[in-house]
Each structure stands twice: as structure tokens, then as C-alpha cells.
Amino acid sequence: MFKIYNTLTSRKEVFKPLNRSLVRMYVCGPTVYDKTHIGHAKAYVAFDVLRRYLEFKGYNVLKVVNITDIDDKIIRKSIELKVDYREIADKYCKDFMEACEKLNIKRAHIYPKATEHIEEIINIIKELIEKGYAYESDGNVYFDVKKFKDYGKLSKINVEQVKPQDEGVGKRNPQDFALWKKAKPMEPYWDSPWGPGRPGWHIECSAMSSKYLGKQFDIHGGGEDLIFPHHENEIAQSEACFNKTPWVKYWIHVGLLMMGKDKMSKSYGNIITVEEITSKYSPMKVRFYLISGHYRSQMVFQEENLEATGAAYERILNTISTLKSISTIDVKVKDSSLKRIMNIGRIRRRFLEALDDDLNTPKAIAELHSLTNFANDEIIPNEDYPAARIALKVYEDAYRILGVFKEVFEEEEVREDKKLYELVNLLVTVRQIHRSRREWEVADLIARGLRSLGIELSDQKDKTIWWFKST
RNA sequence: GCCGGGGUGGCCGAGUGGCGAGGCAGCGGACUGCAGAUCCGCCUCACGGGGGUUCAAAUCCCUCCCCCGGCUCCA
């Protein structure tokens, strides 16, 4: 039974999709005006784990991640650099996609862009005006927060204490937020019933989510800094327009990545981009680091900690490689492996139970460590290949769900080339003969040669194991 | 100020009443042609401060202190 924390209700809830045959999720994607940094990555990885876990549990998942490709900052940058705003947006959109790919974040099914949904946005604004929730004022359109009685239910904020949102003139209440912004000179604009302008920040999410997911769906989320005003405003305009309550069943928010005392943010200028970090550490290690804390917790970025979890990660990879090597042995089982296999089963159960409890990845990873310990002091020394195979299945589950260990699980087919396999075995055996005769030069020549081909060797007590090393 | 989340051993990080999760680092051993990997032991009673409830509290209650986020663009 999968439980997940819902910001809307402030408690963990049993996950049950609105429609039993499909889970619909919408994640607030980036505003593409700068490079994707590891703070973003933490959030997107978290939602990727959620999506993968739901799929692992057998759900069909439809995931939409929006791209905000028009806003003040994009415009500002385009003016600064004297280039079309679309050039800026395209560049950083591409950067975002590359970052996701590196970190093994599965592609969303749809990446809708705000500028490609102006018509849908205008229609919603029109409807909100008709229903009396929004009003036009000198080319701008605002949402009247006083008309929406549930305003503040997500962020638990009292309307009165909200400071004015957006600048803007002719608002009924200072807290009203813009649905449509009148174009200023030199700004890109679209025609609308209220004159030339562009959509406000929040409205695109209502328009695009309803287009692709329907007027009510299961999961919506983003970083915890989006709770207010972004998500609060989305709820207001969507529930007012679609007449569905709750508009979204589960609101999920990810703890921010901190740099020392501040959150990592473009506006603080303390960002480390995904590109930078992955040029220094393998993307898989970065991903493993990002899920080493609970998704709802804030994490203070420390390079030393990344290195420490990276060391732990490597240990698991080594063990998986060794297990693979063991699993292909076809000798007699020394003694019954049933007990060991039962134990692996218990570990797997605890692993999944941890994830069932609000995606407790640190706990789940601890279970993987305990599997690793068990493999190293029980399975491997005993060459228990049936147990090795079962253990590998558990790591493979972890690969599917957590999206780590890609190095050792992808491209399996390629590696199962039988002749290549036999050939390497032959070389390793030959090397063993030389080793037993203490002919180190030949032995090392073979070892170096194999390593240069991406085949790792490890001399154990009475044998040599080997595996294909991924890049 | 208001709303939300936190403060756990050198570091990271689980744990919401009952035998000290797990990892990393460090130290000492074992194994070993080299290398890598691995194993064993040690770091064996840590839970922000102070009160309280209980046979029993990191965990519940009260109180104080500190940190972060939100209340402005933000993942």
C-alpha cells in the first residue's frame, strides 16, 4: 500500500488514482532562461522516482512537464543580449532536456510550451471573466482572489496577509494576480480580446494540464517554493473555472537544495549547473546523491557528501559486477541456498516497504546496502549462483525504480554475445595459468589488454572474476 | 510577525513509546605477486536546552533556543 504526503491535507495518504486505469501527473517544469542547476535536478529526479515507482507498481502513468518559454526574465535576457526571446527559450530548453537525459530522468510524455497554448489560455481567461472570477483592467486581466473562497487552502495562508502579487494597476485587491499581462513597448505579444499581451505565469499550467490531463487529475507538484503563490493561484483559477474540487488530488512538493544557508537559486547566484557537476562526477553518482536524502527534506549541498555517497555507490556497483560474474558460473551449488534466498526476499520486501512509505529512498538505499553486505560475505564467498541471480533481480528492481545502476544494467543484450564471452573466459583462463607459474609479465599483459577493452578483472582468492565495465 | 518544515554520533542519514537502521570517513587486523575488491574488529548508550507524562521517550505534553523555506521571481 503506497502512501504519499499530500501538501493539501498535510498528511500522508494512501495513493489511489482518480481513475483506476491511469495515473495522471503534472510537474512544473523550468522557466527556460538559464541553465538547469542541481537544485532543479533534485526535484525532477524526485518526480522521476515517483513516476518510476508507480510504473513499477503496475500503473499506467501519463506525465506532463510544462516548459515556461515566455516570462519577464526571458524577455529581460533577450533585451540584454539583443536576440529574439525564442532563441533564449530554445537554448535553455535544450539544456534542460540534456540535463534530464544525463541524470536518467525518463522523458515525460508531453512537454507543452506556454507559447504554443495561447488560445487555450485565452479561453480559460474568458471563462473566468464570464463566471465573475476575473476582470479586465486597462489591457490586463486579474483574478479576483476574494471571489474564490478557498484561496489559501494549499499554502495555509490568509489572503489578508499576502503582500501584493505582481505589480499592476487597477486591481480590486492588491493580492489579485495577473492572468493576462498587457504588452509593454518592445515586448513580444499575442492578440487577445483585451488587446496585445501575454499570459501571466500561473495560467499556463491550468490551460495545459486540462488540455492533456483533463479537468481533474491525480498528481501535481514541484519544488516547495512553488506552493505559494504559484500553486495556490493555479488552484484558484482552475477550481473556479472547471468547477471540480479538488482540482488535483495529490499535491507533492520537494524540499529545496541549499547552498550553505540559502537555497540554490539563480537569483542568489549560487548555482551549480547539472552540466558542471556531471563533468566532475558521474551522472549516476549525482543522481544517487540526490536521492540519498528524503525527497521532502531540504538538502544542503556539500561536495564532500557527494563524494562520500559516491564511494558507497561504487561499493554497490562492485558488488553487482561481482554477483554478475558469480551468477554465470554453472557449478554445483555447494549447499542449499534456500536460506540465503529467503533472506534476500526479506531485504527486498523491506526495500519496497520503505518506498511504499512516502518514497523513503534513504531507507530503501540502506536496504540495498544491507543486501550488498550480505552478498559480499555470504553469496560471493560461497559462489551461491542461484542466490546471486536472485540478488541481481533486486538490484535490477532498484535500477528500474531509483534509476541508478544504469552502468551495470543497460545494454545487457550486447554483453550477452556468447562467443565474446567465451573468448574472454579463455583469455582469463590462460592468464590464470601464467599466474600460477608466476609469469607476471604475461599475466599483466593480458590484464592490461583486457582493461583497455573495457573488461575489468579482479583476482580473488582462488579465481579471477571479470565483467564489462561501462563508460 | 504569520504559515510550513527541521535540529540525531566526526560527516551524511533512517527511525514517531520498548533490544543503538544503514552508509561514509578514521583506526587496527585479515587476504593479496602487483592492483583492485572483499572480510573481521574498534569508534561499543547520539538524539538542540530545560521541565513533565510513563515501568519505559530521539519518539508524547509544556516551555525556551537555533536553522531553513514561504509570505517577491524561483524546482
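Quantities reported herein were computed from a predicted structural model and do not represent experimental measurements. Here is the naming used below: chain letters follow the sequence lines, and residue numbers restart at 1 for every chain.
Within 4.0 Å (heavy atoms only), K263(A) reaches at least one base atom of the nucleic acid. Among the protein residues, A366(A) comes within range of the nucleic acid bases, having at least one heavy atom under 4.0 Å from a base atom. Note on L226(A): only backbone sugar-phosphate atoms sit closer than 4.0 angstrom, heavy atoms only; bases stay farther off. Here S370(A) lies out of heavy-atom contact (under 4.0 Å) with every strand. Within the nucleic acid shown, N376(A) comes within 4.0 Å of sugar-phosphate atoms alone, with no base atom in reach, counting heavy atoms only. Note on G222(A): only backbone sugar-phosphate atoms sit closer than 4.0 angstrom, heavy atoms only; bases stay farther off. Across all strands, L257(A) comes closer than 4.0 Å to base atoms (heavy-atom distances). Within the nucleic acid shown, N373(A) comes within 4.0 Å of sugar-phosphate atoms alone, with no base atom in reach, counting heavy atoms only. Within 4.0 Å of H253(A), counting heavy atoms only, lies no atom of the nucleic acid at all. At a threshold of 4.0 angstrom between heavy atoms, the contacts of T31(A) are confined to the sugar-phosphate backbone, with no base atom among them. Base engagement by M264(A) is indicated by at least one non-hydrogen atom pair under 4.0 Å involving a base atom. Residue R11(A) is out of contact with every strand shown, counting any heavy-atom pair closer than 4.0 Å. At the heavy-atom level, G29(A) lies under 4.0 Å from the strands shown only through sugar-phosphate atoms. F47(A) comes within contact range of no nucleotide atom at all, as no heavy-atom separation falls under 4.0 Å.
The P atoms of A14(B) and G6(B) are separated by 11 Å, rounded to the nearest whole Å. Comparing G69(B) with G10(B), their P atoms sit 26 Å apart, to the nearest whole Å. Only the P atoms considered, C62(B) is 23 Å distant from C67(B), to the nearest whole Å. Rounded to a whole angstrom, the distance from the C1' atom of C34(B) to that of A25(B) is 26 Å. Between C27(B) and A21(B), the two C1' atoms lie 23 Å apart (nearest whole Å). Taking the C1' atoms as reference points, U53(B) lies 41 Å from G41(B), given to the whole Å. Spacing of P atoms, G49(B) relative to C66(B), comes out at 15 Å, to the nearest Å. Between the C1' atoms of A30(B) and A37(B), the separation comes to 14 Å (whole Å).
One finds no side-chain N or O of K156(A) lying less than 4.0 angstrom from the OP1 or OP2 phosphate oxygen of C2(B). A close approach under 4.0 Å does not occur between any side-chain nitrogen or oxygen of N360(A) and OP1 or OP2 of G13(B).
In the model, T372(A) has a side-chain atom that pairs as donor or acceptor with a side-chain atom of Y395(A) under 3.5 Å.
For D377(A) against C40(B), a side-chain-to-base donor-acceptor contact under 3.5 Å is absent. Side-chain atoms of K73(A) and base atoms of C73(B) include a donor and an acceptor less than 3.5 Å apart. A donor and an acceptor atom never sit less than 3.5 Å apart when one is taken from the side chain of R315(A) and the other from the base of G23(B).
Across every non-hydrogen atom of M299(A) and S292(A), the tightest pair is CE-OG, 3.5 Å. The nearest pair of heavy atoms linking E232(A) to K153(A) is OE2-N, 3.1 Å.
Distance from the side chain of A311(A) is smallest to C24(B) among G69(B), C24(B), C67(B). Looking at the side chain of Y268(A), the nearest of the listed nucleotides G69(B), G5(B), C67(B) is G69(B). Checking G23(B), C73(B), G33(B) against every side-chain atom of H369(A), the shortest atom distance belongs to G23(B). Nearest to the side chain of D444(A), among C68(B), C34(B), C24(B), sits C34(B). Looking at the side chain of L256(A), the nearest of the listed nucleotides G5(B), G69(B), C12(B) is G69(B). Among G69(B), A35(B), C24(B), the nucleotide with an atom closest to any side-chain atom of D459(A) is A35(B).
Using a cutoff of 4.0 Å between basic side-chain nitrogens and carboxylate oxygens, E303(A) and K280(A) are scored as salt-bridged. By the 4.0 Å N-to-carboxylate-O rule, R431(A) lies close enough to D459(A) to be salt-bridged with it.
When F351(A), F47(A), F2(A) are each tested for a ring-ring contact (aromatic ring centres under 6.0 Å, His included) with Y53(A), only one passes: F2(A). If you run ring-ring contact (aromatic ring centres under 6.0 Å, His included) between Y313(A) and each of F288(A), Y289(A), Y281(A), only F288(A) comes through.
Between the CD1 atom of I433(A) and the P atom of G33(B) there is a distance of 18 Å, rounded to whole Å. Between the CD atom of E378(A) and the C1' atom of C39(B) there is a distance of 12 Å, rounded to whole Å. Put simply, CG on D262(A) is 18 Å from P on C73(B), counting in whole angstrom units.
C60(B) is paired with G52(B) under the criterion used here, namely a Watson-Crick or G-U wobble arrangement in which both key atom distances are under 3.5 Å.
RNA chain B is contacted by both R435(A) and Y44(A); R435(A) maps to the nucleotide lying nearer its 5′ end (nearest heavy atom per residue). Nearer the 5' end of RNA chain B, as judged by each residue's closest nucleotide, is the contact made by R438(A), out of R438(A) and Q298(A).
The distance from atom NE2 of H294(A) to atom CG of D358(A), rounded to the nearest 0.5 Å, is 4.0 Å.
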